[in-house]
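Worksheet: one structure, shown below.
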Amino acid sequence: MILYVTFDGLLQPLGRSQVVRIVAGLADRGWRFVVLSFERADDLKDARRVAELHAWLAARNIEWIARPYQQGGARSVLANIAEATAFALELAADRDIALTHARSYLAGGVAMALQRTLGVPYLFDIRGYWVDERIEDGRWFTNPVAL
C-alpha cells in the first residue's frame with residue numbers, strides 16, 4: 001500500500017487535478033492507496049462534496065483521511081507538519097505501507113520521518129517552484145518587510 005501525503009486539499013482544484021486524478025488512475029491499475037490530505041475549513045463545511053469525494057475514492061479502493069488544515073503562519077505550518085507526521089507514523093504502523101508519496105516539501109519532511117523511523121522509502125513529488133506558488137496564492141511571505 002502507498003501512503004500519499006499532501007497539504008493540497010483534495011477538495012481544492014490543485015488537489016483534484018494533481019492528486020485525485022493521478023491516484024485514481026493508478027488505483028484503477030491495481031495500486032492501493034491511503035491518502036492523507038489537509039483540507040481547508042471552508043471545503044470541509046460542504047458535507048455533500050466531502051461525502052461525494054469519499055464515495056468516489058472508496059469506489060476505487062482508495063482510503064481518504066481528510067484532516068483540517070491550520071492556517072495562520074509558521075506555528076500553523078509546524079502544527080500541520082507535526083499532525084501529519086503523527087498520523088503517518090500511526091498509519092504506517094497499522095497498515096502495510098510500502099512507500100510514501102510526498103507531494104510538496106512539507107510532505108517530504110513527513111516522508112523522511114517515516115523513512116528514518118520505520119525504513120519506509122519515499123517518492124518526493126514536486127511539480128513547480130513551490131515557494132513561488134505560495135507567494136502567488138498569498139499564503140506565505142505576505143509581509144512586505146519580510147520579503
Side-chain angles (χ1 to χ4, degrees), residues 1-115 118 120-143:
M1 179 177 284
I2 299 169
L3 171 61
Y4 196 116
V5 180
T6 181
F7 289 90
D8 296 320
L10 301 190
L11 296 163
Q12 291 281 308
L14 185 64
R16 191 72 176 195
S17 68
Q18 297 287 314
V19 180
V20 172
R21 187 173 55 89
I22 291 163
V23 169
L26 290 169
D28 288 344
R29 289 167 177 79
W31 295 91
R32 293 187 54 228
F33 284 91
V34 57
V35 178
L36 174 61
S37 71
F38 284 76
E39 305 292 328
R40 306 311 178 263
D42 287 344
D43 291 331
L44 290 174
K45 287 179 188 174
D46 189 340
R48 181 189 56 77
R49 280 186 65 219
V50 172
E52 285 175 357
L53 185 55
H54 261 290
W56 191 86
L57 291 168
R60 285 154 183 80
N61 202 27
I62 300 167
E63 181 182 357
W64 177 34
I65 300 169
R67 301 296 306 153
Y69 180 82
Q70 296 181 43
Q71 295 180 293
R75 284 190 181 125
S76 295
V77 170
L78 293 174
N80 288 329
I81 293 169
E83 183 176 352
T85 302
F87 256 87
L89 286 166
E90 186 177 314
L91 287 168
D94 290 344
R95 293 167 178 80
D96 186 21
I97 302 295
L99 176 74
T100 304
H101 185 136
R103 170 85 170 103
S104 81
Y105 291 102
L106 300 180
V110 174
M112 285 178 64
L114 262 67
Q115 184 211 21
L118 302 175
V120 178
Y122 68 92
L123 171 70
F124 178 69
D125 176 7
I126 192 70
R127 300 174 209 158
Y129 191 53
W130 185 76
V131 173
D132 281 347
E133 291 173 8
R134 295 303 184 260
I135 292 170
E136 289 172 11
D137 288 347
R139 291 165 55 185
W140 282 20
F141 309 110
T142 56
N143 181 344

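- Interatomic distance, CE of Met1 versus CG of Leu91, reported as 9.0 Å (0.5 Å rounding).
- Residues Ala24 and Ile62 approach most closely at CA-CD1, 3.9 Å, considering heavy atoms.
- Residues Phe33 and Trp64 have side chains not in contact (no heavy-atom distance under 4.5 Å, counting atoms from C-beta outward).
- Looking at Asp28 and Arg60, their side chains come closer than 4.5 Å, going by heavy atoms from C-beta outward.
- Other residues, nucleotides and ligands place no more than 12 heavy atoms under 6.0 Å from the CH2 atom of Trp31.
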Criterion side-chain contact (heavy atoms from CB on, under 4.5 Å) on Leu57 and Val35, from CA distance to verdict: CA-CA 10 Å; Leu57 291 168; Val35 178; 6.0 Å; no

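- For the side chain to side chain contact (heavy atoms under 4.5 Å, CB included) with Val19, the lone residue among Leu14, Asp125, Thr6 that qualifies is Thr6.
- Nearest approach of Ala111 to Ala102, heavy atoms of both residues: CB-CB, 3.9 Å.
- The main-chain N or O of Ser76 is never found under 3.5 Å from a side-chain atom of Gln71 such that the two would form a donor-acceptor pair.
- Under the 3.5 Å distance criterion, the side-chain polar atoms of Asn80 are matched with a main-chain donor or acceptor of Gln70.
- Side-chain N or O atoms of Gln115 include none that pairs as donor or acceptor with a backbone N or O of Tyr122 at under 3.5 Å.
- Note: Tyr69 and Phe7 have perpendicular aromatic rings, judged against thresholds of 30 and 60 degrees for the angle between ring planes.
- One distance of note links CD1 of Ile65 with CG of Leu10; it measures 11.5 Å at 0.5 Å rounding.
- In this structure, the separation between NE2 on His101 and CG on Leu3 is 10.5 Å, given to the nearest 0.5 Å.
- In plain terms, the two heavy atoms of Ser104 and Phe124 that are nearest each other are O-CE1, 3.3 Å.
- Contact of the Arg103 side chain with the Asp8 side chain is registered, since non-hydrogen atoms from C-beta on lie closer than 4.5 Å.
- One distance of note links CG of Asp94 with CZ of Phe87; it measures 11.0 Å at 0.5 Å rounding.
- To the nearest 0.5 angstrom, Gln12 atom CD is 10.5 Å from Ser37 atom OG.
- When each of His54, Arg49, Arg48 is paired with Glu52, the side chain to side chain donor-acceptor pair (under 3.5 Å) condition holds for Arg48 and for no other.
- Applying the side chain to side chain contact (heavy atoms under 4.5 Å, CB included) test between Thr100 and each of Leu114, Val110, Leu36, Ile2 identifies Leu114 as the sole match.
- Atoms CD1 and OH, on Ile97 and Tyr4 in that order, are 14.5 Å from each other to the nearest 0.5 Å.
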